[in-house]
Amino acid sequence: MNDVSRFENLKKTIENDPTNFQARREIAMMCLDMGFDSMALKHLNYLVQTFPNDANLYFNIGICWEKLKQFKFALNSYKKAVELKEDEPDFIYNLALAYENLGEDDEALMQFKRVVCLESDDSNSFFCIGCLLAKKGDYENAIKCFKKAIEYNFGDYFAHFHLGNMYHKTGEIDKAVEEYKKVIQLSGDYSWAYFNLGQIFYDKGDLENAIIMLNLTIEKNCKDREAYKLLTQLYIKTGDIETAAAVLDEMKENLGENGDFYFLYSKIYEIKKDLKGYRKCLDMALKNESSLSFNKLAVMKELRECPKTPEKDEEEPSKEENPSYEENKG
C-alpha cells in the first residue's frame, strides 16, 4: 500500500472512530513527514489531551511549531518533553535550537553542552557550540569545537567552512585556505568557499587566483553580489575594462539594477574619461541608495567634485540611464 492509500485509510478510520489513538498517531507522523504541519499539530494536540505524560508527543508538537516558525510555542513544547524525559539528547538538542532561534544564546549554549555531556560524539552539538562561541568572539574555543565536530563527522563541510572562517579571523591564513579547499572537495557547489578563497588571494596580491575563485563563485551562485563587486574591482585594477563591464552587465542581468552596479560602472566611465557617463552613473547610484553598499557620503562628494558636462550634452537623450558596455564602447 502506497503512502497516499495509507493516508486515506487512516483518515477514514479516524472519521469512523476518533478515539483510535494508534491511527491518529500514525497519521500525525505521516502529516509531519509530508509537510502538512498544521494538520499534524491538530492530531498531536488531540492525542496529548489523552496522554499528557507522553514526552514524544510534546517533542513532535515542538517540531510542528518549529516548522511553522512559531519558536516560542516550540520552546514550550520542547521544555515539556525534556521535563518528562530529561536525559533524551534529541529533545535537549531541539530545545537548544529553539533558544537559539529566539536569540537566547546563553541558554542555547548551556543546552548544547548538556547534549555533549550525554553524547560525547555529537558532532552537530559541537558545531552549534562553535557557532555560538564564534558569535561571542571566543575564536579559540570555537576552533576547538569545530575541530571536534569534524573529528566525529569529517564530511561536515559546514564545520570545515566555519573552522576556515575562524582561522581567517585569527590570521592563520594557510590553515584557512586548507579548510576552504576541503569544503570544495566535500561540496564542490558551496560558493562561499570559493568567495573566501578569492578574498584571501586578493589580500595576498595573488590577483590571478583571486579572479579564478571569484569567477567560480559566480558560476556556482549567480546571485552573489559581493562576488560581482570584488571581481569587477579586480578587473578594473588589472586594466581589463572590457571584462569588468561584462561582469557588471551579467550582474545587472541576474540581480537587476542597483546602486552598486551604477557606482562601479561610474569607475569604468571615469577611466574612459567619459565625463557624462561618469556623472550619470554616480547620480543613478545615489538614486538607488537602498541598494548601494558603498559609502553614500563619499559617492555624494565624488559627484559634487565631478566637473559638469556642457549643458547641451545634459539635454541629449542618454543610454547611460541603463549603461551597457556593448552599447557605449568606442
Side-chain angles (χ1 to χ4, degrees), residues 35 67 93 97 100 112 121-135 139 142-238 240 242-256 258 260-261 264 293:
K67 292 174 74 174
Y93 180 82
L97 288 178
E100 186 176 5
F112 284 127
D121 61 349
D122 190 298
S123 63
N124 288 331
S125 290
F126 277 113
F127 173 79
C128 292
I129 292 170
C131 289
L132 288 168
L133 291 174
K135 190 175 176 181
Y139 301 146
I143 286 172
K144 291 178 182 177
C145 288
F146 291 133
K147 282 184 174 180
K148 278 288 186 183
I150 291 166
E151 178 185 338
Y152 298 123
N153 180 12
F154 184 82
D156 186 349
Y157 61 90
F158 288 114
H160 285 287
F161 180 77
H162 283 270
L163 179 58
N165 284 347
M166 292 300 95
Y167 284 137
H168 200 168
K169 288 181 181 292
T170 57
E172 299 175 85
I173 303 302
D174 290 341
K175 289 183 179 180
V177 169
E178 183 181 346
E179 292 303 321
Y180 292 141
K181 286 182 177 179
K182 287 177 184 176
V183 174
I184 292 170
Q185 290 170 3
L186 292 166
S187 180
D189 290 330
Y190 196 67
S191 64
W192 285 5
Y194 295 103
F195 180 78
N196 285 9
L197 282 171
Q199 283 189 314
I200 288 173
F201 288 132
Y202 177 82
D203 292 339
K204 293 172 72 173
D206 185 351
L207 303 188
E208 181 179 352
N209 278 314
I211 286 172
I212 291 171
M213 288 297 127
L214 291 168
N215 272 305
L216 284 169
T217 303
I218 293 168
E219 178 184 317
K220 305 300 180 182
N221 178 16
C222 66
K223 302 291 186 181
D224 193 326
R225 179 181 296 186
E226 294 303 313
Y228 285 115
K229 287 166 54 181
L230 187 53
L231 185 57
T232 300
Q233 290 169 301
L234 270 170
Y235 280 127
I236 290 173
K237 187 170 185 176
T238 59
D240 191 346
E242 289 192 20
T243 307
V247 171
L248 285 175
D249 289 339
E250 183 181 348
M251 177 186 185
K252 177 184 173 183
E253 180 180 347
N254 289 311
L255 296 173
N258 57 77
D260 289 339
F261 164 78
L264 289 169
S293 64

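Bear in mind that the values here come from a model prediction, so they are computed numbers and not experimental data.
Annotation for A176 and I200: closest pair CB-CD1, 4.2 Å, computed over non-hydrogen atoms. The shortest non-hydrogen separation linking G188 to K220 is O-CE, 3.3 Å.
Inter-residue side-chain proximity for R225 and S293 is flagged as unmet; no heavy-atom pair is nearer than 4.5 Å. Looking at L197 and I184, their side chains come closer than 4.5 Å, going by heavy atoms from C-beta outward. Proximity of L207 to F201: side-chain heavy atoms (C-beta onward) are nowhere separated by under 4.5 Å. Between M251 and T232 the shortest side-chain heavy-atom distance does not fall below 4.5 Å. Side-chain contact between Y228 and N254: present, with at least one pair of heavy atoms (C-beta onward) separated by less than 4.5 Å.
In this structure, F161 and Y180 have tilted ring planes: the angle between them lies in the 30° to 60° band. In this structure, F154 and H160 have perpendicular ring planes: the angle between them is above 60°, well past the 30° mark.
Of the charged side-chain nitrogens involved, at least one lies within less than 4.0 Å of a carboxylate oxygen, so that E151 and K148 count as a salt-bridged pair.
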Residue pair Y167, I173: steps toward the side-chain contact (heavy atoms from CB on, under 4.5 Å) verdict
CA-CA 6 Å; Y167 284 137; I173 303 302; over 6 Å; no
One pair to check against salt bridge (Lys or Arg N to Asp or Glu O under 4.0 Å): E178 and K175. What are the steps and the verdict?
CA-CA 5 Å; E178 183 181 346; K175 289 183 179 180; over 6 Å; no
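Here the side chain of N215 pairs a donor or acceptor atom with the backbone of I211 at under 3.5 angstrom. Not one N or O on the side chain of D189 forms a donor-acceptor pair closer than 3.5 Å with the backbone of S187.
A ring-centre distance under 6.0 Å is found for F146 and F127.
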